[in-house]
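Reading through the structure tokens given below for one structure.
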Amino acid sequence: SVPEFPVDSNPKNYDFKHRMLLIDHTGTDCGYCPMMMASLREIEEDPAYNDYFNIAMAHSYNTSDPAYSNTALTIRYYYQKTLNVLTGFPTLTYNYQHNQSAGSNISYIKSTFNKLKKESNDAAVAVATKLDGNNLIICASLKSKSARLYKFNILLLEDDIYGSQYGASESWMNYHNNAIRSSYAPIGQSDITGTDWGFVAANSVQHKVFEMPISDSRIVKQNCKVLVIITAQDANYGNKFEVVNTTMCEINQSAPFEYRDAE
């Protein structure tokens with residue numbers, strides 16, 4: 001049942017696109033959250049910004065939210081209680097250690113993007129997934145130009161969850177995508193960086209296979225995708241593990257390495 005690893009279209013290339021991690025902390029009973037939804041749609045449609053991130057939606061504002069999950073709540077507590085950000089809803093957080101958070105003001109979001117986005121990166125992950133009953137099989141290849149010790153996590157996300165959004169100004173706001181459902185690695189409010197991938201030598205690639213159960217009967221498995229996040233120690237944050245790159249992959253699909261010079 002293991003899917004084939006994505007084919008590397010340029011084995012000698014180590015110049016990857018950089019996609020930071022965005023997490024929108026939200027909920028269906030949050031009357032201000034539709035303003036963030038509108039801002040994020042504008043960012044996603046703006047070619048100056050939409051190539052620099054992958055986003056996950058952490059529905060933790062209200063437990064009656066059909067997209068709510070304990071994983072989303074744990075992630076909220078990490079930013080709220082460990083990084084001391086996220087004082088209200090909606091809040092947009094960037095990567096793991098970066099302690100700036102934003103409301104829905106589009107100018108502020110873009111200014112934060114301009115600080116954090118990178119034109120290139122020297123590490124990335126290629127991913128392939130296959131659904132086998134209630135288990136999701138994930139093949140991941142980590143390719144790195146630098147010799148590094150990496151950690152990683154995999155978030156299970158679900159699309160097209162209907163939930164009446166308080167304050168919605170348009171009907172599309174009642175359909176929720178990229179909702180965090182579960183995490184491959186154990187996480188807690190003091191650390192959500194995941195588990196060890198291991199040491200990767202310079203100019204090399206490592207392949208691993210993971211199995212992720214989907215046990216919640218509410219989840220529509222065919223509407224799921226995975227977000228793979230790789231991290232490494234960052235001197236800018238006291239050598240804590242910070243996001244290096246992210247890869248999004250749909251169910252029963254593959255996501256090859258994204259090279260910066262790709263057409």
Side-chain angles (χ1 to χ4, degrees), residues 21-33 36-37 40 54-97 99 101 129 131 133-138 151-166 173-196 210-231 240-241 243 246 248-251:
L21 172 67
L22 299 189
I23 299 180
D24 179 20
H25 303 268
T26 186
T28 53
D29 283 356
C30 169
Y32 295 104
C33 287
M36 177 67 83
M37 297 171 76
L40 290 175
N54 282 309
I55 190 166
M57 310 296 285
H59 287 251
S60 65
Y61 183 85
N62 54 296
T63 57
S64 59
D65 185 338
Y68 173 90
S69 71
N70 288 330
T71 300
L73 183 64
T74 300
I75 291 171
R76 163 190 163 183
Y77 283 156
Y78 166 76
Y79 289 100
Q80 197 170 50
K81 299 184 177 183
T82 301
L83 292 191
N84 297 315
V85 298
L86 210 164
T87 57
F89 286 79
T91 291
L92 189 64
T93 53
Y94 303 78
N95 297 329
Y96 284 154
Q97 304 300 339
N99 61 6
S101 59
T129 68
L131 187 62
N134 289 327
N135 291 319
L136 186 59
I137 312 301
I138 303 158
K151 294 178 72 174
F152 78 102
N153 202 359
I154 304 170
L155 296 180
L156 180 71
L157 310 182
E158 186 179 355
D159 287 344
D160 204 29
I161 301 171
Y162 179 80
S164 180
Q165 178 66 51
Y166 182 64
M173 292 178 173
N174 297 308
Y175 293 87
H176 305 281
N177 298 316
N178 291 3
I180 297 171
R181 286 311 207 179
S182 64
S183 167
Y184 172 80
I187 59 174
Q189 70 176 46
S190 62
D191 186 8
I192 61 171
T193 55
T195 190
D196 288 339
F210 310 100
E211 185 175 355
M212 191 172 184
I214 305 177
S215 55
D216 190 334
S217 61
R218 299 172 302 167
I219 295 175
V220 180
K221 294 186 283 292
Q222 290 75 15
N223 290 350
C224 288
K225 61 181 76 168
V226 295
L227 178 58
V228 182
I229 307 158
I230 57 169
T231 63
K240 294 180 180 178
F241 280 80
V243 174
T246 66
M248 189 82 79
C249 184
E250 304 284 343
I251 207 94

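Computed from a predicted model, the values in this text were never measured in an experiment.
- Aromatic ring pairs are classed by plane angle as parallel below 30°, tilted from 30° to 60° and perpendicular above 60°; the pair Phe210 and Tyr184 is perpendicular.
- Formation of a donor-acceptor pair under 3.5 Å by the Asp29 side chain with backbone atoms of Asp65 is not found in this model.
- Annotation: side chain of Thr231 is in contact with side chain of Tyr96 (closest heavy-atom distance under 4.5 Å).
- Side-chain N or O atoms of Gln165 include one that pairs as donor or acceptor with a backbone N or O of Cys30 at under 3.5 Å.
- Atoms CG and OG, from Asp216 and Ser69 in turn, are 9.0 Å apart once rounded to the nearest 0.5 Å.
- Under the side-chain contact (heavy atoms from CB on, under 4.5 Å) rule, Arg181 has a single partner from Thr71, Leu157, Ile161, which is Ile161.
- Heavy-atom contacts from other residues, nucleotides or ligands closer than 6.0 Å to OH of Tyr32 number 12 or fewer.
- Nearest heavy atoms, His25 versus Thr93: NE2-OG1, 3.0 Å.
- In terms of heavy atoms, Asn153 sits closest to Ile192 at ND2-O, 3.9 Å.
- Here the side chain of Gln80 pairs a donor or acceptor atom with the backbone of Leu86 at under 3.5 angstrom.
- Residue Ile154 holds its CD1 atom at 12.0 Å from CD1 of Ile230, rounded to the nearest 0.5 Å.
- Interatomic distance, Met212 CE to Thr129 OG1, rounded to the nearest 0.5 Å: 11.5 Å.
- Among all heavy-atom pairs drawn from Thr91 and Ser101, the shortest one is CG2-CB, 3.4 Å.
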Can Ser215 and Asn134 be said to form a side chain to side chain donor-acceptor pair (under 3.5 Å), step by step?
CA-CA 7 Å; Ser215 55; Asn134 289 327; over 6 Å; no
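- Here the side chain of Asn178 pairs no donor or acceptor atom with the backbone of Met57 at under 3.5 angstrom.
- One N or O on the side chain of Asn95 and one on the backbone of Leu21 form a donor-acceptor pair closer than 3.5 Å.
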- When you look at Asp24 and Met36, which way does the side-chain contact (heavy atoms from CB on, under 4.5 Å) test go after all the steps? CA-CA 8 Å; Asp24 179 20; Met36 177 67 83; 3.5 Å; yes
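- Of all heavy-atom pairs spanning Asn135 and Glu211, the tightest one is ND2-OE2, 2.9 Å.
- Residues Tyr77 and Ser60 form no side-chain contact, since every pair of their non-hydrogen atoms from C-beta on lies 4.5 Å or further apart.
- Between the Asn177 side chain and the Asp160 main chain, a donor and an acceptor come within less than 3.5 Å of each other.
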field: Pair Tyr166-Tyr61, ring-ring contact (aromatic ring centres under 6.0 Å, His included): steps then yes or no
entry: CA-CA 12 Å; Tyr166 182 64; Tyr61 183 85; 9.3 Å; no
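- Contact of the Leu136 side chain with the Cys224 side chain is not registered, since no non-hydrogen atoms from C-beta on lie closer than 4.5 Å.
- Of all non-hydrogen atoms in Leu73 and Tyr68, the two that sit nearest each other are CD2-OH, 3.3 Å.
- Among all heavy-atom pairs drawn from Gly27 and Cys33, the shortest one is N-SG, 3.9 Å.
- Rounding to the nearest 0.5 angstrom, the gap separating the CZ atom in Phe152 from the CD1 atom in Ile229 is 11.0 Å.
- Summarising the geometry, atom SG belonging to Cys249 is positioned 8.5 Å from atom CD1 belonging to Ile138; distances are rounded to the nearest 0.5 Å.
- Residue Met248 holds its CE atom at 4.5 Å from CG of Asn54, rounded to the nearest 0.5 Å.
- Between the Thr82 side chain and the Gln189 main chain, a donor and an acceptor come within less than 3.5 Å of each other.
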side-chain contact (heavy atoms from CB on, under 4.5 Å) between Lys225 and Asp159: does it pass, once the steps are laid out?
CA-CA 8 Å; Lys225 61 181 76 168; Asp159 287 344; 3.0 Å; yes
